[in-house]
Amino acid sequence: MSSGVRALTAEAPDSISIILILIRPPCSRAAAQRLSRFSPSVRTPPPPSSASEAAPRPSPARRVPSPSSRRMLSYTGMLALLLAMLPYVSSQNAGFVKSPMSEIKLTGDAFELYCDVVGNPVPEIQWWYADINRADSFKQLWDGARKRRVSITSASGANRVSVLAISRLTLEDAGIYECRASNDPRRNDLRQNPAITWIRTQATISVLQKPRINASDQEILQPKSGQELPITLQCNLTNSHSTHQETFWMKNGREIPNTRTEHKHTEFKLSKPRTDDSGEYMCVYAFKSAPNANASIEVKAAPEIIGHKRSENKKEGENATLYCKSVGYPHPMWMWRKKVGRGSYIDIDNSTGRFFIINKDNFTELSIISVDISTDPGEYVCNASNIIGSKESMTILRVRSHLAPLWPFLGVLAEIIILVVIIVVYEKRKRPDEVPDDDEPVAPIKTNSTNNHKDKNVRQRNTN
């Protein structure tokens, strides 16, 4: 601890003196003598040399600090000491976390170099360049240099990250690129040696002449006519500075299976081209000691919508999502509209706060937040268009009320009420003679037996 204090007094003697004065009250004489060695401004009086000098001297009355006050002063001094030591303890020299890597590129390509540095304070990063034949003569690079082909971006967080990017490479861009970093406060002092105040790391960029590839022209697919003619895409490698190994085809950045060959002249055939066959085709040539070279052929077609929601049913207050998906190349421009009348539409955008549109290549999505039953139901149209043509599709949005789940119950209840009303009305409208009177005596029931006996007696008298 004493060595650390000595180091602090060498850097900031005045602040340490103040701290030692704050700590001094609760210390003994011996402790104060030990502390006085680290600060010339804090001295302890020497012990008395004689009895006369040891005699107490009259002094004015003063308030003696209480033990709690002395402890509080001690804690305050310790806290001040820690705060003074913090900048020295937490400082960290600059160091590389990620260094740029050497690469081999072709003319017309681009490259990016990353430099990630850690340190406290946050280090400063610079980029320098030197020709391969003059490695001792470096020149600093700035953003926008070389006719705005140079781009330097930086970001700070826990580390400092810087990215050097150069586009449309030429043979003159080959060389040594150096990343320098420093957080030394003397780093910009011209009297200091940069080799001491700056750390550095290098990467070598080699630029080769791009091979010459002859490729066929772009193709445009016609709308469905029932007689699709085959299309043949061709590439031919005519000049290269390295040994050719193989060739293969890619579509929209993905390799097409079973297309690898060792020939410099290669073909890819579309027997029955359809809209989903459109895209960017690329013939890629691989070399033994050089980066791959390629040539692009575009097969264009008008967009065709292959997926969408025909209808969407939502309850009031819910979120609705409509989407459309298409094929075709180039990727279309998407537009959403809503039908508001006969042949009348309004455009939908993200400015309303309730409608959000996300477009990505051949896909679009419309999100409606908290649908309103009075304004949102209707017909929504997604339109896809590119330089070849356009296509649109319609989706119907239906919005139900919050009471929709109660409709079956309310229907049954209404039927019951109507049935009861019919029964009551029918009972009240019955004729009076159809209702028996309880006050009248009930007559005996007559049968036909008496009449039969009378007829029998009449017949008997006639026989006599």
Side-chain angles (χ1 to χ4, degrees), residues 101-113 132 149 165-175 203-304 306 326-331 361-362 386-388:
M101 305 295 293
S102 299
E103 298 182 53
I104 301 177
K105 293 292 183 179
L106 300 176
T107 55
D109 293 345
F111 74 84
E112 291 184 347
L113 298 179
I132 295 179
R149 294 188 299 110
I166 301 181
S167 60
R168 304 188 304 276
L169 291 177
T170 64
L171 296 177
E172 290 75 18
D173 292 324
T204 301
I205 301 298
S206 301
V207 181
L208 305 177
Q209 185 66 43
K210 187 174 183 178
R212 182 176 297 175
I213 303 173
N214 293 333
S216 56
D217 296 332
Q218 69 177 11
E219 299 285 349
I220 298 178
L221 301 181
Q222 300 299 328
K224 293 181 179 180
S225 59
Q227 294 181 352
E228 292 81 4
L229 299 178
I231 295 177
T232 302
L233 309 179
Q234 299 179 357
C235 286
N236 185 28
L237 177 64
T238 60
N239 184 22
S240 65
H241 296 280
S242 183
T243 304
H244 170 255
Q245 287 185 325
E246 61 179 352
T247 308
F248 58 93
W249 285 86
M250 301 180 68
K251 178 189 176 185
N252 297 333
R254 295 184 179 182
E255 182 179 350
I256 302 175
N258 304 323
T259 59
R260 289 186 176 265
T261 178
E262 297 180 357
H263 301 294
K264 294 183 178 181
H265 180 82
T266 179
E267 296 181 351
F268 183 74
K269 188 175 182 179
L270 298 172
S271 300
K272 295 182 178 181
R274 301 176 301 178
T275 304
D276 56 352
D277 290 324
S278 62
E280 182 182 14
Y281 289 81
M282 187 181 298
C283 55
V284 183
Y285 289 86
F287 300 93
K288 185 176 182 180
S289 58
N292 293 346
N294 60 74
S296 298
I297 304 174
E298 292 184 340
V299 178
K300 299 181 179 180
E304 180 180 339
I306 60 173
S326 72
V327 292
Y329 188 83
H331 298 311
D361 297 340
N362 287 336
N386 60 15
I387 59 176
I388 308 300

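FYI, side chains are in, hydrogens and waters are out, and symmetry mates aren't considered; it's all heavy atoms of this structure.
- Within a 6.0 Å sphere centred on NE2 of His241, other residues, nucleotides and ligands contribute more than 12 heavy atoms.
- Between His244 and Phe287, the ring planes are perpendicular. Angles over 60° get that label, and only those under 30° would be called parallel.
- Within 6.0 Å of atom CG in Asn258, 12 or fewer heavy atoms from other residues, nucleotides or ligands are found, so the atom counts as exposed in its surroundings.
- Side-chain contact check for Thr107 versus Val207: some heavy-atom pair is nearer than 4.5 Å.
- Without hydrogens or angle criteria, Ser216 side chain to Leu233 main chain gives no donor-acceptor distance under 3.5 Å.
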Let's go through Ile220 and Ile388 carefully: what are the C-alpha distance in whole Å and the side-chain angles of both, what is the deciding distance for side-chain contact (heavy atoms from CB on, under 4.5 Å) to 0.1 Å, and is it a yes or a no? CA-CA 8 Å; Ile220 298 178; Ile388 308 300; 4.2 Å; yes

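- Note that CD of Gln209 and CG of Asn239 are 8.5 Å apart. Values are rounded to the nearest 0.5 Å.
- Checking side-chain atoms of Thr259 against main-chain N and O of Trp249 turns up a donor-acceptor pair under 3.5 Å.
- Considering SG of Cys235 and CD1 of Ile297, their distance stands at 4.0 Å, rounded to 0.5 Å.
- If you run side-chain contact (heavy atoms from CB on, under 4.5 Å) between Thr247 and each of Val284, Thr261, Ile213, Leu237, only Thr261 comes through.
- Of the residues Lys264, Lys288, Arg260, the one that meets the salt bridge (Lys or Arg N to Asp or Glu O under 4.0 Å) test with Glu246 is Arg260.
- Using modelled atom types and a 3.5 Å distance limit, the side chains of Thr232 and Glu267 yield no donor-acceptor pair.
- Between Arg274 and Glu304 there is no salt bridge, since none of the side-chain N atoms of the basic residue sits less than 4.0 Å from a carboxylate O of the acidic one.
- A salt bridge links Arg149 with Asp173; the closest basic N to acidic carboxylate O contact falls under 4.0 Å.
- At distances below 3.5 Å, at least one donor-acceptor pair connects side-chain atoms of Thr238 with backbone N or O atoms of Arg212.
- Between Ile306 and Asn362, every side-chain heavy-atom pair lies at or beyond the 4.5 Å cut-off.
- Note that the NZ atom of Lys105 and the CG atom of Leu171 stand 15.0 Å from one another [nearest 0.5 Å].
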Give the C-alpha distance, both sets of side-chain angles, the deciding distance and a yes or no for side-chain contact (heavy atoms from CB on, under 4.5 Å) between Leu221 and Thr275. CA-CA 7 Å; Leu221 301 181; Thr275 304; 5.7 Å; no

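- Listed for the Asn386 side chain is a donor-acceptor partner under 3.5 Å among the backbone atoms of Pro330.
- Looking at Asp277 and Ile231, their side chains never come closer than 4.5 Å, going by heavy atoms from C-beta outward.
- Of all non-hydrogen atoms in Ser289 and Leu208, the two that sit nearest each other are O-CD1, 4.5 Å.
- A donor-acceptor pair under 3.5 Å is absent between the side-chain atoms of Ser206 and the main chain of Ile104, judged by distance alone.
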May I have the step-by-step check of side-chain contact (heavy atoms from CB on, under 4.5 Å) for Phe111 and Ile166, ending in yes or no? CA-CA 6 Å; Phe111 74 84; Ile166 301 181; 3.6 Å; yes

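- Using a distance-only test at 3.5 Å, with no hydrogens or angles considered, a donor-acceptor pair links the side chain of Ser278 to the main chain of Tyr329.
- Atom CG in Leu106 sits 10.0 Å away from atom OG in Ser242 (nearest 0.5 Å).
- Taking each heavy atom of Thr204 and Ser102 in turn, the nearest pair found is N-OG, 2.9 Å.
- You'll find the side chain of Gln222 stays beyond 4.5 Å of the side chain of Leu229, heavy atoms only.
- Ser167 places no side-chain N or O within 3.5 Å of a backbone atom of Ala110 that could act as its donor or acceptor partner.
- The backbone N or O of Glu280 sits less than 3.5 Å from a side-chain atom of Asn252, completing a donor-acceptor pair.
- Rounding to the nearest 0.5 angstrom, the gap separating the CE atom in Met282 from the CD1 atom in Ile256 is 10.5 Å.
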